[in-house]
Undergrad: 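One structure coming up, written as structure tokens, with questions to follow.
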Amino acid sequence: MAETLYDMLGVKKDASAEDIRKTYRKLARKHHPDVNPGNKGAEDKFKKISSAYEVLSDEKRRAAYDEFGDESLAGNFDATKAREYAKWQGTRQQRSSQFEDGPSEFDFSEFFGRQQRGPSRGRDLQASMEMDLRQALEGAEISLDVPGQGTQRVRIPPGAADGSTIRLAGKGGPGPRGGPAGDLIIEISVRPHALVRRDGLDLQMDVPVTLDEAYNGASIDVPTFNGSVVVKVPARTQNGAKLRLRGKGVARKDTHGDLILSLIVRMPDKADEALAAAIKDSASAYSKPVREGMVL
């Protein structure tokens with residue numbers, strides 16, 4: 001049995017999009033030509049898994065592949081026309097079954113080969129690049145060394161996410177017999193930030209506050225990628241309480257996410273007798289037992 005795109009990535013046919021993405025990234029890092037200089041086997045493996053991922057990471061192309069197999073990989077493949085032709089061919093076979101010759105066979109590649117116009121395009125090239133979170137949020141122009149293509153200047157638009165791809169038309173392999181060049185497909189890997197986490201278009205950050213700030217309330221300075229902002233902490237804020245700063249998250253075109261702050265109440269790290277006595281006397285300030293209703 002011929003090797004499928006799923007076999008090339010080592011995933012099951014019902015694998016989720018996230019599982020496919022994680023598996024591809026792991027394999028791409030292992031077999032990337034930059035990691036294996038001069039290793040032709042690793043380079044060929046990298047090309048195979050990149051080609052497989054290009055199809056399986058695209059919802060529409062994956063659906064077409066699941067339905068039509070390798071025939072869907074033709075550059076001029078049209079799923080609607082394929083279904084119409086298959087339906088017509090099925091009707092034709094039913095009619096011809098009445099005769100001695102029996103039904104004729106159906107070949108998608110022949111059908112679409114007759115539809116093809118102009119010279120074939122070159123193959124797409126795969127590359128990957130790492131960037132920090134600030135670069136991904138603000139956008140950046142980065143130099144990327146592409147094997148066989150030299151250094152390419154790549155403009156990353158603001159709001160790029162980890163695992164997202166950028167396609168540079170005509171920057172891939174040269175087309176045969178003067179045909180158009182393929183594309184360069186770049187996958188972006190965003191390095192984890194020490195303080196900020198990303199969730200879609202929202203950013204999340206833990207912000208420590210003192211006992212005084214949490215109990216009495218306070219205005220505190222909080223850093224953001226656009227400069228420091230003043231945030232009001234409500235009186236008697238509980239540990240883990242969240243504050244949402246509208247529009248301070250990821251900007252993508254006309255849409256802006258939020259910055260969500262999780263307030264972490266920090267206990268004093270030095271012994272103090274007066275504070276210890278005051279905290280003991282604070283029991284009467286609770287309106288009800290803090291573990292009330294905890295039943296397993």
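What you see below is based on every heavy atom in this structure, not just the backbone, and it leaves out hydrogens, waters and symmetry mates. Throughout, residue positions are numbered sequentially from 1 according to the sequence presented.
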Undergrad: List the steps and the verdict of side chain to side chain contact (heavy atoms under 4.5 Å, CB included) for Met131 and Ser189.
TA: CA-CA 6 Å; Met131 59 188 347; Ser189 176; over 6 Å; no
Undergrad: Compare all side-chain heavy atoms of Arg198 with those of Val250 and state whether any distance is below 4.5 angstrom.
TA: yes
Undergrad: Would you list the pairs meeting salt bridge (charged side-chain N to carboxylate O under 4.0 Å, His left out) in which at least one residue belongs to residues 205-222, sequence neighbours left out?
TA: Arg197-Asp206
Undergrad: Begin from the C-alpha positions of Val196 and Gln204 and carry the test side chain to side chain contact (heavy atoms under 4.5 Å, CB included) through to its verdict.
TA: CA-CA 6 Å; Val196 182; Gln204 300 178 347; over 6 Å; no
Undergrad: Extract all donor-acceptor atom pairs below 3.5 Å that involve side chains of residues 60-67 and protein atoms in other chains or at least two apart in sequence.
TA:
residue, atom, partner, partner atom, Å
Arg61, NH1, Glu54, OE2, 3.4
Arg62, NE, Tyr6, OH, 3.0
Arg62, NH1, Ala15, O, 3.2
Arg62, NH2, Lys13, O, 2.9
Arg62, NH2, Ala15, O, 2.8
Tyr65, OH, Leu5, N, 3.1
Asp66, OD1, Tyr6, OH, 2.6
Asp66, OD2, Tyr6, OH, 3.2
Glu67, OE1, Arg83, NE, 3.3
Glu67, OE1, Arg83, NH2, 2.7
Glu67, OE2, Arg83, NE, 2.9

Undergrad: Does any non-hydrogen side-chain atom of Ile49 lie less than 4.5 Å from one of Lys45?
TA: yes
Undergrad: Does CD belonging to Gln238 count more than 12 external heavy atoms closer than 6.0 Å?
TA: no
Undergrad: Tell me, please, which residues at least two apart from Arg25 pass salt bridge (Lys or Arg N to Asp or Glu O under 4.0 Å).
TA: Asp162
Undergrad: If the condition is salt bridge (Lys or Arg N to Asp or Glu O under 4.0 Å), which residues does Glu273 pass it with, not counting sequence neighbours?
TA: none
Undergrad: Which distance, rounded to the nearest 0.5 Å, do you find between the OG1 of Thr237 and the CG of Leu243?
TA: 6.5 Å
Undergrad: Does any N or O in the side chain of Thr224 come within less than 3.5 Å of the main-chain N or O of Gly227, such that one atom is a donor and the other an acceptor?
TA: yes
Undergrad: Are the side chains of Val265 and Leu211 in touch, meaning some heavy atoms are under 4.5 Å apart?
TA: yes
Undergrad: Just to verify, what does His256 make a ring-ring contact (aromatic ring centres under 6.0 Å, His included) with, not counting sequence neighbours?
TA: none
Undergrad: Apply side chain to side chain contact (heavy atoms under 4.5 Å, CB included) to the pair Ile220 and Val209, showing each step before the final yes or no.
TA: CA-CA 9 Å; Ile220 62 173; Val209 294; 4.0 Å; yes
Undergrad: Donor-acceptor pair, Arg21 side chain versus Thr23 backbone, under 3.5 Å?
TA: no
Undergrad: For residues 222-244, pull every pair meeting salt bridge (charged side-chain N to carboxylate O under 4.0 Å, His left out), keeping only residues two or more places apart or in separate chains.
TA: Asp202-Arg244, Arg244-Asp258
Undergrad: Is the shortest heavy-atom distance from the side chain of Leu184 to the side chain of Gln152 under 4.5 Å?
TA: yes
Undergrad: Partners of Lys47 by salt bridge (Lys or Arg N to Asp or Glu O under 4.0 Å), sequence neighbours excluded?
TA: Glu43
Undergrad: Quick one: hydrophobic cluster around Val290, which other residues, with the 4.5 Å side-chain cut-off, linked directly or via members?
TA: Tyr286
Undergrad: Does atom CD (Glu59) have a neighbourhood of more than 12 heavy atoms from anything else shown, all under 6.0 Å?
TA: no
Undergrad: Determine whether Leu125 and Lys171 make a side-chain contact, defined as any pair of heavy atoms from C-beta on separated by less than 4.5 Å.
TA: no
Undergrad: Which residue pairs pass the ring pair (Phe, Tyr, Trp, His ring centres under 6.0 Å) test with at least one member in residues 36-56, sequence neighbours excluded?
TA: Tyr24-Tyr53, His32-Phe46
Undergrad: Decide yes or no for Ile166 and Pro157: does some side-chain heavy atom of the first lie under 4.5 Å from some side-chain heavy atom of the second?
TA: yes
Undergrad: For Arg252 and Gly159, indicate whether the former's side chain and the latter's backbone hold a donor-acceptor pair under 3.5 Å.
TA: yes
Undergrad: Say you draw a straight line from CZ of Arg153 to OG of Ser143; how long is it, rounded to the nearest 0.5 Å?
TA: 3.5 Å
Undergrad: Is any side-chain heavy atom of Gln126 less than 4.5 Å from a side-chain heavy atom of Ser51?
TA: no
Undergrad: Is any side-chain heavy atom of Ile186 less than 4.5 Å from a side-chain heavy atom of Thr165?
TA: no
Undergrad: How long is the gap from CG on Leu203 to CD1 on Ile260, to the nearest 0.5 Å?
TA: 8.5 Å
Undergrad: Which distance, rounded to the nearest 0.5 Å, do you find between the CG of Leu263 and the CE of Met205?
TA: 10.0 Å
Undergrad: Once salt bridge (Lys or Arg N to Asp or Glu O under 4.0 Å) is applied, do any residues pair with Lys288, and if so which ones, sequence neighbours excluded?
TA: none
Undergrad: Decide yes or no on side chain to side chain contact (heavy atoms under 4.5 Å, CB included) for Thr151 and Leu144, but give the supporting numbers first.
TA: CA-CA 5 Å; Thr151 301; Leu144 177 67; over 6 Å; no
Undergrad: Assigning hydrophobic clusters by single linkage (Ile, Leu, Val, Met, Phe, Trp, Tyr; side-chain heavy-atom cutoff under 4.5 Å), is Leu261 placed with Ile264?
TA: no
Undergrad: Could you pull out all residues at least two apart from Phe225 that satisfy ring-ring contact (aromatic ring centres under 6.0 Å, His included)?
TA: His193
Undergrad: May I have all residue pairs that pass salt bridge (charged side-chain N to carboxylate O under 4.0 Å, His left out) and include part of residues 124-134, sequence neighbours excluded?
TA: Arg121-Asp124, Asp124-Arg167, Glu130-Arg191, Arg134-Glu138
